[in-house]
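Presented below is the structure to which this report refers.
Every value quoted in this text rests on a predicted model; they were computed, and no experiment measured them.
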Amino acid sequence: MPAQGKHRRAKSGPIVRGVLAVGTGGAVLALPLIGATGAFAAEQAAPAAGATAAHQAAAASDSGKTGTPKTYSVVAGDYLAKIASDQKVKGGWEKLYQDNRDVVGDDPGLIFPGMKLTLGAGASQAAAQSATEEKAAETAPATPAAQTSKAPAEETSETPAAESSGSGFTTPVESANVTTQYRASGASWSSGYHTGSDFQAASGTSVRAIGDGTVVSAGWSGSYGNEVVIQHSDGMYSQYAHLSSLGVSAGQSVTGGQQIGLSGSTGNSTGPHLHFEVRTGPGYGSDVDPIAYLRSHGVSI
């Protein structure tokens, strides 16, 4: 690359002539080797630099025409609404979430540093491809873990709950200690608040159904990692997320206090804990206060 700065014209010097030799093979031009060598190099580098700049400009123009999507790497303190505003995403955080749902998962409020989000045209396809690759790597080792955990789950499923009530309801973990309250505000959640209650739980802690019901789903769920969702007799649903392993399967009937899995830190999680939600429906966005729900069923917490 030529040095930056003003271009200097070579000083006048002795006239140097090239030698032109003509032979059967054609004309050969012998370049001069005496005087103004540096000037010759500068003269040759200047057109080369101009050609390089023109090529880069053409490549940038071609890239803009093809609508290549821009990739954004999430950093600490980010949330979808903030990213959408800073990056001027048309359609706001809802559009950003829609284009990257396969990467973010079911909860747009759970994103973590290092997650790759795609902005602009073709975002959905790029995000889907990225999510497929990530899930292939994450779910491969998770499958045997879920299978091997079923045996110990059955052995301890009848462990009595210290916080159980006469109604048959209990806390999702023994010696329940809430570390993050429901509707706590923070930059980590694009919805503006925490949709459940987090319970302190070292990895491998027994997680149990809060009451009788039927397992609606049990498996991988994007940002929630390994989760279990149970429908109870009153029509409400409970969710248990970030599990290290599963002890139940969809369609299975469970009783209050029965172990359904082991706590962990799968999905978008900063460390081992249990994310617990109570909902009016099976999916994200229908949350209610989980602690108030437990108390309404006589659970002391």
Point to revise | Distance-only donor-acceptor check, side chains S263 and H273, under 3.5 Å | key: no
Practice item. Could you pull out all residues at least two apart from S253 that satisfy side chain to side chain contact (heavy atoms under 4.5 Å, CB included)? Key: T214
Review point. Under the salt bridge (charged side-chain N to carboxylate O under 4.0 Å, His left out) rule, what pairs show up with a residue in residues 85-94, not counting sequence neighbours?
Key: K82-D86
Review point. Residues two or more places apart in sequence or in another chain: which of them pass side chain to side chain contact (heavy atoms under 4.5 Å, CB included) with S197?
Key: V178, Y182, F199, P290, I291
Point to revise | Residues in side chain to side chain contact (heavy atoms under 4.5 Å, CB included) contact with T71, at least two apart in sequence or another chain | key: K116
Revision key, fill the gap. Contacts of N268 meeting side chain to side chain contact (heavy atoms under 4.5 Å, CB included) (sequence neighbours excluded), chain-then-number -> L110, F112, M115, S223
**Study point:** Which residues share a side chain to side chain donor-acceptor pair (under 3.5 Å) with Y224, sequence neighbours left out
**Key:** D107, E277
Check your understanding: Looking at residues at least two apart in the chain, or sitting in another chain, which of them share a salt bridge (Lys or Arg N to Asp or Glu O under 4.0 Å) with D234?
Key -> none
Exercise for review: Check the side chains of R279 and S238 for a donor-acceptor pair under 3.5 angstrom, ignoring hydrogens and angles.
Suggested key: no
Check your understanding: Among all residues two or more places apart in sequence or in another chain, which pass the side chain to side chain donor-acceptor pair (under 3.5 Å) test with Q87?
Key -> K70
**Study point:** Any side-chain heavy-atom pair of Q239 and H275 under 4.5 Å
**Key:** yes
Practice item. Kindly write out the residues that satisfy side chain to side chain donor-acceptor pair (under 3.5 Å) with S85, not counting sequence neighbours, or none if the list is empty. Key: none
Review point. What residues, two or more places apart in sequence or in another chain, satisfy side chain to side chain donor-acceptor pair (under 3.5 Å) together with N177?
Key: Q200
